Amino acid sequence: MGDVERFPKCGRASAGVARQYGGALGKRANCQVAVSVHAAFDAASCPLDWQLYLPREWTDEPGRCRRAGIPDDIVHQEKWRLALGLLDNVTGWGLTAPVVVADAGYGVSTPFRRGLQERGMSYVLALTGKEVAHELDIEPHQPGYGGLGPPTLPRYRTAPRALSLHAVDAAAAGHFTEVSWRQGSKGPMTSRFAVLILRPAGKQALAGAQAASGGRNQRDGVLLTSTVLVEWPAGVDAPMGYWISNLPAKTPIAELVRWAKIRWRIEHDYRELKHGLGLDHFEGRTWRGWHHHVTLVTAAQAFLTLRRLDPEVHRPA
């Protein structure tokens, strides 16, 4: 499971600090941003690896980096690249993720999805619903060549539509079904879901299709297919969630929903990391110090998690 966490800070000296969007704050604020990879299942989760995100304004000031103890080989990378690097680290340790899940910050990135695909990793990633796609059965058209300039390339005659509009069509066709994914404090967690097989469109999707076919002039114009999961609870005016996956098209909808909804586990355990173990209480400024801190917090949470899951551990009455 990939995630991004923000750490509010004061001043300019702490490694990687900058005015950035803070999810917990809901606005841009002075903070550090970290990319992390977690192992998670229904009963528990635990971070496996972390790395601070280094904004470009830091790499443009080598002296500032040296004062914060940032190694010379650390360069600016997009968050999705950092996440792929952390997943490569975990794979190098001999661990294999059955499915990678992440929020829409990663899901909307076609290069991130392509990176997972190239690594042979399955994924279920959140989307915003604003992404566009073509229906599965629509095929591109090959315009005639006029004799001047480079050869014309295949293209779709109709414009792609937003996922939210595809969801409306699915609802009208009665494709939504009720699915329960876990037991909550007030009973089973249940909602209505539909699975759509679509061809994601847009500049990134086109670039991905061209890369998969060997180049711009080699492709037949057909965009790649993806499985899209949509949540639309009964009595609600619009869908509440979208996810994209490369799992086989015949994957049971209950399995897709389970993976899509498992992020609740990491959000639940973040409360312990922050409020119980002081994840965001580090007051140092250096790159090495921050990574030491989160490593110790991770070890503490892993210990507590193993104790909770151990049936032999004595629990006071």
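Side chains are part of it too, since the values below use all heavy atoms of this structure and drop only hydrogens, waters and symmetry mates. Predicted, not measured: the structure shown is a model, and the values here were computed from it.
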Closer than 3.5 angstrom, by distance alone: can the side chain of Thr251 be matched with the main-chain N or O of Pro248 as a donor-acceptor pair?
yes
Quick one: list whatever passes salt bridge (charged side-chain N to carboxylate O under 4.0 Å, His left out) with Arg192, sequence neighbours left out.
none
Assess whether side-chain contact (heavy atoms from CB on, under 4.5 Å) is satisfied between Tyr53 and Gln20, documenting all intermediate values.
CA-CA 11 Å; Tyr53 167 71; Gln20 305 169 83; 3.4 Å; yes
Give a yes or no answer on whether the side chain of Ser14 reaches the backbone of Val17 with a donor-acceptor pair at less than 3.5 Å.
no
Taking Arg113 for the side chain and Gly107 for the main chain, is one N or O donor matched with an acceptor at less than 3.5 Å?
yes
Arg119 bridged to Asp88 by N-O distance under 4.0 Å
yes
Identify each donor-acceptor pair in which a side-chain atom of residues 121-133 lies under 3.5 Å from a protein atom, sequence neighbours left out, and give them as a table.
| from | atom 1 | to | atom 2 | distance (Å) |
| --- | --- | --- | --- | --- |
| Thr128 | OG1 | Lys130 | N | 3.1 |
| Thr128 | OG1 | Glu131 | OE1 | 3.3 |
| Thr128 | OG1 | Glu131 | OE2 | 2.7 |
| Glu131 | OE1 | Thr128 | N | 3.3 |
| Glu131 | OE1 | Gly129 | N | 2.9 |
| Glu131 | OE2 | Thr128 | N | 3.2 |

Separation between NE2 of His293 and CD of Glu283, rounded to the nearest 0.5 Å:
9.5 Å
So, does His166 use its side chain to make a donor-acceptor pair with the main chain of Glu135 at under 3.5 Å?
no
Derivation and outcome, side-chain contact (heavy atoms from CB on, under 4.5 Å), residues Trp58 and Leu52
CA-CA 12 Å; Trp58 274 80; Leu52 271 178; over 6 Å; no
Here the gap from Asp42 atom CG to Arg258 atom CZ, rounded to the nearest 0.5 Å, amounts to 4.5 Å
Just wondering, are more than 12 heavy atoms of other shown residues or ligands nearer than 6.0 Å to CZ in Arg288?
no
Table please: side-chain donor-acceptor pairs of residues 231-244 below 3.5 Å, with sequence neighbours left out.
| from | atom 1 | to | atom 2 | distance (Å) |
| --- | --- | --- | --- | --- |
| Glu231 | OE1 | Lys261 | NZ | 2.8 |
| Glu231 | OE2 | Ser191 | OG | 2.9 |
| Trp232 | NE1 | Val236 | O | 2.8 |

Polar side chain donor-acceptor pair, Ser36 to His38, under 3.5 angstrom:
yes
Any side-chain donor-acceptor pair under 3.5 Å between Trp50 and Thr295?
no
